[in-house]
Structure formats: structure tokens, C-alpha cells
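Throughout, residue positions are numbered sequentially from 1 according to the sequence presented.
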Amino acid sequence: MKPSATDRRLASPRPGVRVDIDVAHINRDALRVITGLHRAGFQAYLVGGGVRDLLLGLSPKDFDIATDAHPEDVRRQFDNSRVIGRRFRIVHVYFSQGYVEVATFRAAGRAHVNKQGRILADNTYGTIEEDAFRRDFTINALYYDPEAGQVLDLVSGQQDLDAKLLRVIGDPELRFREDPVRMLRAVRLATKLGFRIEDQAQATICRLGYLLGEVPPARLFDEMLKLFHGGHAVQTFQALRNYGLFEHLFPLTEQALGDASQETFSALVHGALENTDERIRAGKPVIASFLYAVFLWGPMRALTRQLELDGLSSKVAQDAAMKDTILSQLRFTAIPKRLGFQIRNVWELQNRFYRKRGKQAYRLYQHPRFRAAYDFLCLRAGAGDPVDKLCEWWTEFQDVDEATQKKMARSSRTRAGKTPHRPSRKTYH
């Protein structure tokens with residue numbers, strides 16, 4: 001017989017281990033939701049990455065809540081809430097600064113899966129013990145009760161935190177087949193925290209990377225942003241390649257990286273990843289189209305050269321190569337249409353940087369994608385492409401007054417004898 005809401009409210013909370021966490025570091029709205037559920041007689045805990053980061057002394061971005069209250073129970077407790085999702089029904093409780101996500105304890109091993117083992121729906125509710133064992137990694141399965149000041153650890157997550165070990169809960173092969181994106185999360189989390197992935201999970205990731213081909217490209221686009229916009233893009237990129245995952249996200253890029261005739265492309269990629277990390281550390285914005293433009297530059301240039309050898313003019317070859325390269329990438333990770341236009345803009349403007357005389361210089365300078373394209377140009381120069389003089393000229397053009405700009409545009413020459421210098425890194429992508 002299915003337990004009633006009253007039966008669930010009568011269930012006694014599990015004992016936990018006292019920990020020293022300052023509640024001032026916890027989102028106030030999340031605390032309000034937990035207090036409200038406790039007052040109604042339900043169990044409610046902070047869970048997941050928020051608890052992990054609090055225990056590591058980091059500042060959490062998310063404060064998710066797990067409870068034995070069903071979505072309808074939570075909805076009745078909070079008028080400012082809404083039940084969302086079909087595959088995974090959860091509740092968002094809305095406040096002035098955003099929302100708090102509340103999920104009901106799920107039952108382990110009862111999810112609806114397809115023939116390949118992929119989870120299609122998971123709305124069978126269970127106990128907190130079952131919920132813990134259906135989570136992905138032990139360090140993400142720690143439950144914290146801020147009112148009691150205790151952490152409930154059912155999977156030795158605290159031990160793995162102390163050991164800086166990322167360990168999958170259950171059989172890694174089964175868990176990765178349930179959701180192949182967990183392999184990307186493992187790499188992202190291990191890189192972010194400086195943890196080591198447990199040996200069996202490492203071997204399984206290397207063997208099952210091809211399963212990413214079964215994940216919808218739109219979902220992989222979202223994961224790509226998390227992977228490379230988390231402040232650890234350089235290390236993440238290297239880890240993805242080491243585990244054989246990057247080739248399933250950007251196969252054209254992986255092929256170009258192994259092409260000896262594109263010796264500057266690898267340096268361009270690394271330079272762009274370093275630049276992205278620098279901007280994130282400085283609190284500056286980054287956009288997905290810039291890294292896509294970098295990753296696909298090598299494949300696009302290779303295809304352009306091939307089309308030119310086939311007899312097409314340079315402009316027609318490049319136009320066709322830009323279109324075909326982006327379309328080919330869409331099979332692996334989605335690219336929203338607006339980002340596709342931005343990628344093409346950055347590529348197209350590379351040729352226009354040579355047009356420095358008169359009004360052409362000012363038209364390019366006023367282009368909405370000028371600064372992203374300029375950054376791309378200077379990264380190319382730093383990678384060894386023969387565009388260092390162009391980068392120097394446009395760097396100076398931005399730094400001088402209007403009268404000097406007009407003089408430069410008239411002569412379209414850099415000052416004789418000037419030694420090329422590294423640009424001032426005025427990047428705006």
C-alpha cells in the first residue's frame with residue numbers, strides 16, 4: 001500500500017554527523033523552504049553540489065533540496081511554487097532573487113529505461129537511502145540538515161571528499177549507460193575540484209565515450225558551456241582528450257589537431273582556452289560562439305584549401321567551407337542560429353583586417369563583432385599565424401586618438417622600424 005502524506009510525515013529523520021558549517025553561507029530562500037517543510041512534518045535536506053562545496057569551503061552556486069514530500073505536497077506548502085518536468089517531476093519555489101529547486105526522494109532501480117539502459121522517466125519515489133544510491137557520485141550524495149547542523153552520509157562521500165576521489169555510486173558502466181552525460185560531469189567535476197577519478201570509472205569512460213553520440217546535440221551544447229566556461233577550460237580540454245571524449249563532441253576539431261599541416265591550430269586552441277579562463281577569473285563575460293569559432297577554425301580552413309584545390313575561388317571556397325563546417329558540427333553539439341551568425345562574423349572579419357585604408361578601417365572598427373574578431377586575430381598571431389603585423393596595427397589603432405587614427409587609415413602602414421609587441425589583451429568576446 002502506498003504510504004499517505006501523513007505516514008511520510010511521521011517517519012523519523014535519520015541520524016547524521018555534526019559538521020561545522022556557517023548557515024550564513026547558505027541561501028536564505030533555501031533555508032526558508034527547508035524550515036517550511038520541517039514545520040509541515042516532512043524531511044528536508046540540502047543535497048548535492050551545494051553540500052559538497054560547503055564542506056570543501058567553497059561558495060556554492062546551487063542549493064538544491066531533497067525531501068520525502070511529494071511534488072503535490074510541496075506545492076500545497078508554498079503558494080509561490082510550480083511543479084515542472086515530465087521525465088523528472090520537481091518543484092520550483094520562487095522568490096524575488098530566483099527559485100529553489102525541490103526534488104522528492106527517488107527510488108533506486110525503478111526508473112523507466114529503454115533497451116540501451118537510458119533513463120526515460122524517473123518519477124518513482126522512495127526513501128532517502130534509495131535516493132542516495134541513485135545519485136551519480138558519492139561526493140554529491142551528502143545530505144545536510146541546516147537546522148540540526150548535521151550531514152547524513154550513506155555512501156562514504158565524506159571519506160571520498162577527504163581523499164579527493166571522485167567515485168561513481170554503483171557500477172560505473174551501468175550508471176554511464178543510464179546517462180552518458182555523467183562521463184562529462186565526472187571530468188568537469190574532477191577538473192574543477194582537483195580530484196582523481198576512481199580507476200574503474202576512468203577505464204569505463206575511456207571505453208564508453210561513443211555513447212555520447214546517442215545524446216541529443218542540444219543537451220551536449222549545454223554541457224559544452226559548463227565544461228569550458230567554468231574557469232578550468234585548459235585542464236578540462238586536456239582531460240577530455242585524455243579520456244577520448246573530446247572526439248565525440250568535436251570530431252572535426254580532433255582531426256585537425258592531429259594534422260601536421262596545421263601546426264599553429266593547437267596553439268590557437270590552447271591560447272583561446274587560456275584567454276577564456278583569464279576572463280572568467282576576472283569576472284568578465286564570455287560567449288560560446290568565440291570558442292566554437294576557435295575549435296572549428298582549423299577544420300574550416302582545411303576544407304577551404306581543399307575546395308580551392310578543386311577549382312573554387314578563394315571567396316566561394318571559404319563561404320562554402322564556413323557553411324559546411326558549421327552544419328557538420330550540428331550533428332554532435334547544437335549551435336543556436338544566432339551563435340552560428342556570430343561564428344561566421346568572426347571568421348569573415350579575419351580577411352577584412354587587411355583592409356586598413358580610409359573608410360574601410362572605420363567601418364570594420366564599428367562592426368558589432370569587431371572586438372571578438374580582433375581578439376581572434378591576435379590569438380592567431382600569438383599561435384604563430386603570420387598576422388602579427390595586423391594585430392599590432394589594429395592594437396595601435398584602438399589606442400591612439402582620432403587624429404592619429406585618420407593618419408593611420410590614410411597611410412595604412414605601421415610605423416617603420418617598430419618592433420611588433422604583444423597586444424594589450426583588450427579582449428571583449
Inter-residue atom distance [X].[atom1] - [Y].[atom2], 0.5 Å rounding:
X	Y	atom1	atom2	value
Cys391	Asp375	SG	CG	9.0 Å
Leu327	Met322	CG	CE	12.0 Å
Thr67	Ile34	OG1	CD1	9.5 Å
Gln350	Asn345	CD	CG	11.0 Å
Leu227	Leu249	CG	CG	7.0 Å
Ile343	Met300	CD1	CE	10.5 Å

Would a 4.5 Å heavy-atom cut-off, applied to side chains only, mark [X] and [Y] as touching?
X	Y	value
Glu130	Arg106	no
Asp324	Leu303	yes
Ile169	Phe137	no
Leu46	Leu142	no
Asp29	Val33	no
Pro285	Arg279	yes
Leu166	Glu198	no
Arg344	Ile326	yes

Listed by chain and number, what are the salt bridge (Lys or Arg N to Asp or Glu O under 4.0 Å) partners of Arg207, not counting sequence neighbours?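 Checked Arg207 against salt bridge (Lys or Arg N to Asp or Glu O under 4.0 Å); matches are Glu173.
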Residues forming a salt bridge (Lys or Arg N to Asp or Glu O under 4.0 Å) with Asp136, sequence neighbours excluded: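 Applying salt bridge (Lys or Arg N to Asp or Glu O under 4.0 Å) to Asp136 gives none.
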Looking at [Y] and [X], is any side-chain nitrogen of the basic one under 4.0 Å from a carboxylate oxygen of the acidic one?
X	Y	result
Arg76	Asp73	yes
Arg241	Glu247	no
Asp319	Lys315	yes
Glu278	Arg281	no

CZ (Arg196) with more than 12 external heavy atoms under 6.0 Å: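 Check passes, neighbour count above 12.
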State whether the number of non-hydrogen atoms from other residues, nucleotides or ligands found under 6.0 Å of Gln255 atom CD is greater than 12.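 Atom CD in Gln255 is not crowded, with 12 or fewer foreign heavy atoms closer than 6.0 Å.
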Asp160 vs Arg52, salt bridge (charged side-chain N to carboxylate O under 4.0 Å, His left out): CA-CA, chis, key distance, verdict: CA-CA 11 Å; Asp160 290 338; Arg52 177 199 70 222; over 6 Å; no
Aromatic contact, [X] with [Y] (centres under 6.0 Å):
X	Y	value
Phe397	Tyr374	no
Phe237	Phe246	yes
Tyr210	His248	no
Phe290	Phe228	no
Phe353	Trp394	yes
Phe105	Tyr125	no

Kindly write out the residues that satisfy ring pair (Phe, Tyr, Trp, His ring centres under 6.0 Å) with [X], not counting sequence neighbours, or none if the list is empty.
X	value
Tyr99	His92, Tyr94
Phe341	none
Phe78	none

Taking every non-hydrogen atom, the tightest pair across Leu257 and Ser266: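 Heavy atoms only, the tightest pair is CD2-CA, 3.7 Å.
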Give the minimum heavy-atom separation between Pro71 and Thr104, together with the two atoms involved.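 Looking at all heavy atoms of both residues, the shortest contact is CD-OG1, 3.3 Å.
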Would you say the side chains of Thr204 and Gln200 form a donor-acceptor pair under 3.5 Å?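 Result is no, nothing qualifies.
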Donor-acceptor list for residues 183-192 side chains, cut-off 3.5 Å, not counting sequence neighbours:
unit_1	atom_1	unit_2	atom_2	d
Thr191	OG1	Val187	O	2.8

Backbone N or O of [Y] within a donor-acceptor pair of the [X] side chain at under 3.5 Å?
X	Y	value
Asp22	His25	no
Gln202	Ile197	yes
Gln318	Thr304	no
Asp277	His232	yes
His70	Glu72	no
Asp68	Gln43	yes
Arg182	Arg175	yes
Arg82	Asn80	no
Tyr45	Ile128	no
Asp153	Val155	yes

Partner residues of [X] under the side chain to side chain contact (heavy atoms under 4.5 Å, CB included) criterion, sequence neighbours left out:
X	result
Asn242	Gln238
Pro60	Asp53, Leu54, Phe63
Ala320	Leu307

After noting the C-alpha distance and the side-chain angles of Thr325 and Gln329, does the key distance pass the side chain to side chain donor-acceptor pair (under 3.5 Å) rule? CA-CA 6 Å; Thr325 301; Gln329 180 60 34; over 6 Å; no
Tell me, please, which residues at least two apart from [X] pass side chain to side chain donor-acceptor pair (under 3.5 Å).
X	value
Asp162	Gln158
Ser156	none
Ser289	Gln342

In this structure, which one of Tyr292, Phe370, Trp297 forms a ring pair (Phe, Tyr, Trp, His ring centres under 6.0 Å) with Phe376?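 With Phe376 as partner, Tyr292, Phe370, Trp297 yield a single ring pair (Phe, Tyr, Trp, His ring centres under 6.0 Å), made by Trp297.
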Between Thr276 and His229, is the side-chain contact (heavy atoms from CB on, under 4.5 Å) condition met? List the steps. CA-CA 7 Å; Thr276 298; His229 287 175; 4.1 Å; yes
